[in-house]
Protein chains: 2
Amino acid sequence: MNIKEVATRAGLPAKTIRYYEEIGLIRPLRAANGYRAFRESDLHKLAFLGRARSLGFTIEECRALMALYEDQSRASADVKALAQSHLEQIAAKIEELKAMQATLSELVSACAGDHRPDCPILTGLASGKDCCA
Amino acid sequence: MNIKEVATRAGLPAKTIRYYEEIGLIRPLRAANGYRAFRESDLHKLAFLGRARSLGFTIEECRALMALYEDQSRASADVKALAQSHLEQIAAKIEELKAMQATLSELVSACAGDHRPDCPILTGLASGKDCCA
DNA sequence: TATGGGGCTTCCAGTCACGGGAAGGTCAAG
DNA sequence: CTTGACCTTCCCGTGACTGGAAGCCCCATA
């Protein structure tokens, strides 16, 4: 398989696949002409990586997940711990965003949004009143 | 005022303040010795920027907000539009994170988390079953 | 056989919003 | 006069790619 077919089937851009090779996440073979020659197993790994990335795992977490995936003697506890830690990151990020959302939507709803210059959003930002940390 | 005092009072790292000058968000004066000489108005702007940033506005949005703030003939509608657009971004990001959270927490709760290798998290990532887009 | 167009390769630069750290000038206190 | 805290600029690194240039490679068609 050449890179374009793998890209299509894995749902990842070719650029990303080259990048994943560069950082050692995959090691496709090479054809005589220098082209990357992907096996089914490479495709499988790339799909795995794509799904892990889309769940928000960082590249390094993906690397760890791959290592666990390929380690037949892994303990599921290790996988779970990694995933739970990531879940906490997600929850924290959601809370952070919700706080922004709460503050900002309050400011927005207080703003007339007309042709006049008076604007509680700007005065809120300027004064820090009712504003974030 | 020198940079450290401004940094303390604005709650921003000195590095960040220098960066903001570099990209033209502020224009502090210079003392004879080459040190930046901040006015109260610079401090005020920096505090404004810090609050806008902490609400998640990008640097370019902050630049636009500052411009509106300093434009006495602004229409509050313009400010509101900017803020609302940003609110939509926040809401979208929250939804995205919640989707990750839902998928991942399902996988996590299905995982025994013991010494055995069997792990629904890994098989989920490998198969794409019940997994994200 | 020439040529055209797509695909493949590498390498370099840019993104965003800074942070770290080096090399060196400046200032106030002891 | 020295010490140490401050200030300056400059350059590199971050994460996870993305875009683009320059240059092979391969196949089909005229």
Side-chain angles (χ1 to χ4, degrees), chain A residues 1-39 42-43 45-46 48-66 86 89-90 93 96-97 100 132, chain B residues 1-39 42-43 45-46 48-66 86 89-90 93 96-97 100 132:
Chain A
M1 259 182 293
N2 280 349
I3 201 167
K4 203 181 187 193
E5 184 182 349
V6 181
T8 307
R9 290 175 57 185
L12 291 172
K15 276 278 192 184
T16 297
I17 295 174
R18 290 194 194 98
Y19 173 66
Y20 286 177
E21 180 188 16
E22 189 187 325
I23 63 174
L25 284 180
I26 52 167
R27 301 187 189 283
L29 303 175
R30 291 289 175 145
N33 59 11
Y35 288 17
R36 288 170 183 82
F38 295 89
R39 289 151 293 188
D42 294 316
L43 174 58
K45 281 191 193 182
L46 286 169
F48 182 99
L49 290 168
R51 280 186 286 262
R53 287 288 299 129
S54 78
L55 284 181
F57 288 100
T58 67
I59 289 287
E60 288 314 309
E61 286 168 338
C62 289
R63 197 190 295 278
L65 285 169
M66 283 279 297
H86 181 50
Q89 307 280 322
I90 291 176
K93 190 73 190 166
E96 193 189 334
L97 286 168
M100 291 179 187
C132 42
Chain B
M1 259 183 295
N2 280 348
I3 200 168
K4 203 183 187 192
E5 185 181 348
V6 181
T8 307
R9 290 174 58 186
L12 292 172
K15 276 279 192 185
T16 297
I17 295 174
R18 291 196 193 96
Y19 173 66
Y20 287 177
E21 181 188 16
E22 189 188 325
I23 63 174
L25 284 180
I26 53 166
R27 300 187 189 285
L29 302 174
R30 292 289 176 145
N33 58 12
Y35 287 17
R36 289 170 183 82
F38 295 88
R39 291 151 291 189
D42 295 316
L43 174 57
K45 279 191 194 182
L46 286 168
F48 181 99
L49 289 169
R51 280 186 287 262
R53 287 288 297 130
S54 78
L55 285 181
F57 287 101
T58 66
I59 289 287
E60 288 315 309
E61 286 168 337
C62 289
R63 195 190 297 278
L65 284 170
M66 282 280 297
H86 181 51
Q89 307 280 321
I90 291 175
K93 191 77 189 163
E96 192 188 335
L97 286 168
M100 291 178 187
C132 40

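By convention in this document, chain letters (A, B, ...) are assigned in the order of the sequence lines, proteins followed by strands, and residues within each chain are numbered from 1.
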- Item | Contact under 4.0 Å: A:Arg30 side-chain N or O vs C:dT10 OP1/OP2 | yes
- Query: Taking OP1 and OP2 of C:dC16, is either one under 4.0 Å from a side-chain nitrogen or oxygen of B:Thr58?
  - Reply: no
- How far apart are the closest heavy atoms of B:Arg39 and B:Leu29, and which atoms are they? CZ-CG, 3.8 Å
- Message: Base, sugar-phosphate or nothing for A:Arg36? Non-hydrogen atoms, less than 4.0 Å.
- Response: sugar-phosphate
- Item | Test side-chain hydrogen bond (donor to acceptor under 3.5 Å, both in side chains) applied to A:Glu5 - qualifying residues, sequence neighbours left out | A:Arg9
- Which residue pairs pass the side chain to side chain donor-acceptor pair (under 3.5 Å) test with at least one member in residues 28-37 of chain A, sequence neighbours excluded? A:Glu21-A:Arg30, A:Glu21-A:Arg36
- Item | side-chain hydrogen bond (donor to acceptor under 3.5 Å, both in side chains) involving B:Arg18 - partner list, sequence neighbours excluded | none
- Query: Considering residues at least two apart in sequence or located in another chain, which fulfil the salt bridge (Lys or Arg N to Asp or Glu O under 4.0 Å) criterion with A:Lys93?
  - Reply: A:Glu96
- Query: Is the backbone of A:Thr58 close enough, under 3.5 Å, to the side chain of A:His86 for a donor and an acceptor to pair up by distance?
  - Reply: no
- For A:Phe57, answer base if it contacts any base atom (sugar-phosphate contacts may also be present), sugar-phosphate if it contacts only those atoms, and nothing otherwise; contact means non-hydrogen atoms under 4.0 Å. nothing
- Query: Given atom CZ of A:Arg18 and atom C1' of C:dC11, what is their separation to the nearest angstrom?
  - Reply: 12 Å
- Set of residues satisfying salt bridge (Lys or Arg N to Asp or Glu O under 4.0 Å) with respect to B:Glu60, sequence neighbours excluded: B:Arg63
- Task: If a protein heavy atom is under 4.0 Å from the base, mark B; if only from the sugar-phosphate, S; if neither, -; do that for nucleotides 22-27 of chain C going 5' to 3'.
- Result: ---BBS
- Mind calculating the distance between CE (A:Met1) and P (C:dC8) to the nearest angstrom? 12 Å
- Would you say the side-chain atoms of B:Glu22 pair up with the backbone N or O of B:Tyr19, donor to acceptor, closer than 3.5 Å? no
- By a strict heavy-atom criterion of less than 4.0 Å, which residues belonging to residues 2-14 of chain A are in contact with DNA chain D? A:Pro13
- Message: To the nearest 10°, give me the bend of the helix from C:dT1-D:dA30 to C:dG30-D:dC1, comparing the axes of its five terminal pairs at either end.
- Response: 30°
- Task: Using a heavy-atom cut-off of under 4.0 Å over every strand shown, decide if B:Arg53 touches base, sugar-phosphate, or nothing.
- Result: sugar-phosphate
- Task: Please name the pair of heavy atoms, one in B:Ile90 and one in A:Met100, separated by the smallest distance, quoted to 0.1 Å.
- Result: CD1-CB, 3.9 Å
- Task: Spell out, as yes or no, whether a donor-acceptor pair under 3.5 Å connects the side chain of A:Thr8 to the backbone of A:Lys4.
- Result: yes
- Note on the structure: chain A vs DNA chain D, heavy-atom contacts under 4.0 Å, first-to-last nucleotide span, 5' to 3', is D:dA16 to D:dC26
